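Below: the structure, in structure tokens.
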Number of protein chains: 2
Amino acid sequence: MPKKPAATGRTTTARAARSAGARTDDAPTATKESKSARTRARILDAAANVLSRRGFAGTRLSEVAEQAELQAPAIYYYFPSREDLIEEVMWVGIAEMRAQLEERLGELDDGTPPMEKIMVAVESHLRHALEISDYATASIRNAGQLPDALRKRQLAEEVKYGEVWRRLLTDAVREGDLNPELDLYVAHMLVIGALSWAVEWWSPRRGSVDLIVANAQDFVRAGLRGHDAAAGSTETGAAEAG
Amino acid sequence: MPKKPAATGRTTTARAARSAGARTDDAPTATKESKSARTRARILDAAANVLSRRGFAGTRLSEVAEQAELQAPAIYYYFPSREDLIEEVMWVGIAEMRAQLEERLGELDDGTPPMEKIMVAVESHLRHALEISDYATASIRNAGQLPDALRKRQLAEEVKYGEVWRRLLTDAVREGDLNPELDLYVAHMLVIGALSWAVEWWSPRRGSVDLIVANAQDFVRAGLRGHDAAAGSTETGAAEAG
DNA sequence: TCGATTATCTAATGCAGATTCACATCAAGG
DNA sequence: CCTTGATGTGAATCTGCATTAGATAATCGA
């Protein structure tokens with residue numbers, strides 16, 4: 001009966017090490033558990049990748065195993081079940097997203113205007129989704145197809161991430177930077193949608209991430225602010241009968 | 001050996017029937033869209049619904065059958081295989097979307113300014129996705145997870161739908177209605193993303209579709225137009241082909 | 001080198017779900 | 001009624017895949 005490694009691994013799944021890319025190895029003692037941890041991380045990474053491409057139901061342990069360069073049953077040494085593995089990917093996906101966002105926001109000057117913070121958030125979201133992480137893609141693409149049981153933690157993280165955004169938006173409102181005709185929640189979702197959708201169409205051939213970021217920032221800033229004229233001429237003959 | 005009904009039938013739902021031209025039989029029994037056709041449509045509708053909720057790999061024929069109120073093997077009387085069934089759903093999804101958009105655009109005055117046409121497109125997309133059709137939701141959510149073999153037709157339709165939008169956007173550019181800093185393709189995708197994402201978060205509890213439409217229109221219009229003070233450095237045209 | 005703990009493999013097991021097959025049922029006409 | 005084709009069914013295959021069991025390898029402290 002072998003002792004399994006950190007079953008419900010939460011933070012620091014050694015993938016933090018990979019993505020942050022900060023250290024090769026700093027603690028001598030860390031090296032020992034590092035092999036096990038690294039295998040676990042390899043599996044998790046592979047799962048994220050497969051999940052992002054195949055979807056929840058389409059994620060086969062055999063494919064995960066192949067990509068992690070081991071045999072499928074070995075996965076059970078690190079995760080109690082397929083569902084647990086997937087759950088962790090989904091959860092880590094958004095958690096990292098929020099972590100990165102808060103880090104970026106933390107680096108800003110106290111006096112930074114709300115709209116500028118939103119621009120930072122736009123960049124953070126896009127870069128994370130496009131450059132860094134299959135986790136984010138997996139998380140974004142599969143949120144809608146996950147059985148409720150698996151969704152809990154992810155949902156909680158999603159809420160937290162949403163709250164950060166929400167705060168930015170309300171700050172912007174207070175500053176008068178937001179088109180007053182916009183419903184805050186709807187606006188929030190429109191922005192997140194514009195950004196999240198990028199994982200569906202972007203590829204390096206579509207232009208540099210920098211280009212995408214710049215465009216998205218322009219688009220979101222203007223969209224949120226609204227045109228001066230927007231206050232008056234909103235009616236498009238479409239939704240007048242509220 | 002019973003004679004199967006129109007194999008590659010497109011006359012599926014009443015709605016679909018009107019949208020595209022048939023390419024197979026209709027000469028002998030021109031007016032026979034009765035029970036058989038309706039059963040087929042029921043299956044297709046059920047498949048669209050299941051597909052939109054479960055994803056490609058998660059779509060079980062048993063669930064489709066249950067929703068269509070028949071037994072799973074009966075599906076094979078109308079569709080050669082699970083994949084064919086799914087393929088048709090995906091394909092019809094976007095085809096209808098485009099059909100509706102072109103219909104709406106066709107109703108407009110010749111002199112309608114480009115930006116207003118875009119507003120109509122925004123409304124059309126949202127209403128179709130939110131109100132009318134599981135097909136659209138299924139199509140949107142699963143485009144990224146479909147095996148290439150199944151993707152072909154859908155992709156073709158997607159391109160056509162994209163071309164309609166593209167035309168609207170280039171017209172707006174000609175009119176000087178678009179922020180010149182925006183890359184056309186990226187802007188297009190940002191808009192589609194903001195709209196498509198609605199299927200992930202909207203529910204009647206989030207507000208009326210009218211509200212969503214109005215907000216989206218404001219957001220998109222302002223976002224595309226850009227605001228007057230948008231000055232800076234850009235090398236638009238980086239990804240300007242396609 | 002030995003044994004113990006850790007890590008991983010190969011060969012079952014068992015189920016779920018697509019597809020097939022061999023009959024039912026049903027509607028309409030003779 | 002009885003035939004015939006259109007529809008549909010229930011039970012039987014066949015396969016893919018998660019999960020388990022039972023070894024074997026690798027690592028390491030002594």
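On a predicted model such as this, the values are computed, not experimentally measured, just so you know. A note on names: the letters A, B, ... follow the listed sequences, proteins ahead of strands, and every chain is numbered from 1.
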Between P on dT19(C) and CD1 on Ile75(B), what's the gap in Å once rounded to a whole number? 10 Å

Residue among Leu44(A), Ile86(A), Leu61(A), Val64(A) satisfying side-chain contact (heavy atoms from CB on, under 4.5 Å) with Phe79(A): Leu44(A)

Quick one: is Tyr77(B) getting a side-chain N or O under 4.0 Å of the dG8(D) phosphate, OP1 or OP2? no

Is there a donor-acceptor contact under 3.5 Å linking the side chains of Asp183(A) and Asn215(B)? no

So which nucleotide from dT8(C), dA18(C), dT7(D) ends up closest to the side chain of Tyr76(B)? dA18(C)

Under-4.0 Å salt bridge between Glu63(B) and Arg53(B): yes

For Phe56(B), which residues count as a ring-ring contact (aromatic ring centres under 6.0 Å, His included) partner, sequence neighbours excluded? none

Rounded to whole angstrom units, what separation is found between the CD1 atom of Ile86(A) and the C1' atom of dT19(D)? 14 Å

Checking contacts here: which listed nucleotide (dT8(C), dG8(D), dT19(C)) is nearest the side-chain heavy atoms of Lys35(B)? dG8(D)

Between Leu70(B) (CG) and dT25(C) (C1'), how many Å, whole number? 15 Å

Residues Arg127(B) and Asp210(B) bridged, charged N to O under 4.0 Å: yes

For the pair made of CZ in Arg40(B) and P in dA6(D), what is the distance, rounded to whole Å? 17 Å

Do the side-chain N or O atoms of Tyr78(B) get closer than 4.0 angstrom to the phosphate oxygens (OP1, OP2) of dG8(D)? yes

Side-chain N,O (Ser36(A)) to OP1/OP2 (dT6(C)) below 4.0 Å: no

Residues in salt bridge (charged side-chain N to carboxylate O under 4.0 Å, His left out) contact with Lys160(B), at least two apart in sequence or another chain: Glu157(B)

For Arg54(B) and dA18(C), what is the distance between atoms CZ and P respectively, to the nearest whole Å? 13 Å

Heteroatom pairs (N/O) under 3.5 angstrom, protein to nucleotides 10-17 of chain D:
residue	atom	partner	partner atom	Å
dC17(D)	OP1	Arg60(A)	NH1	2.5

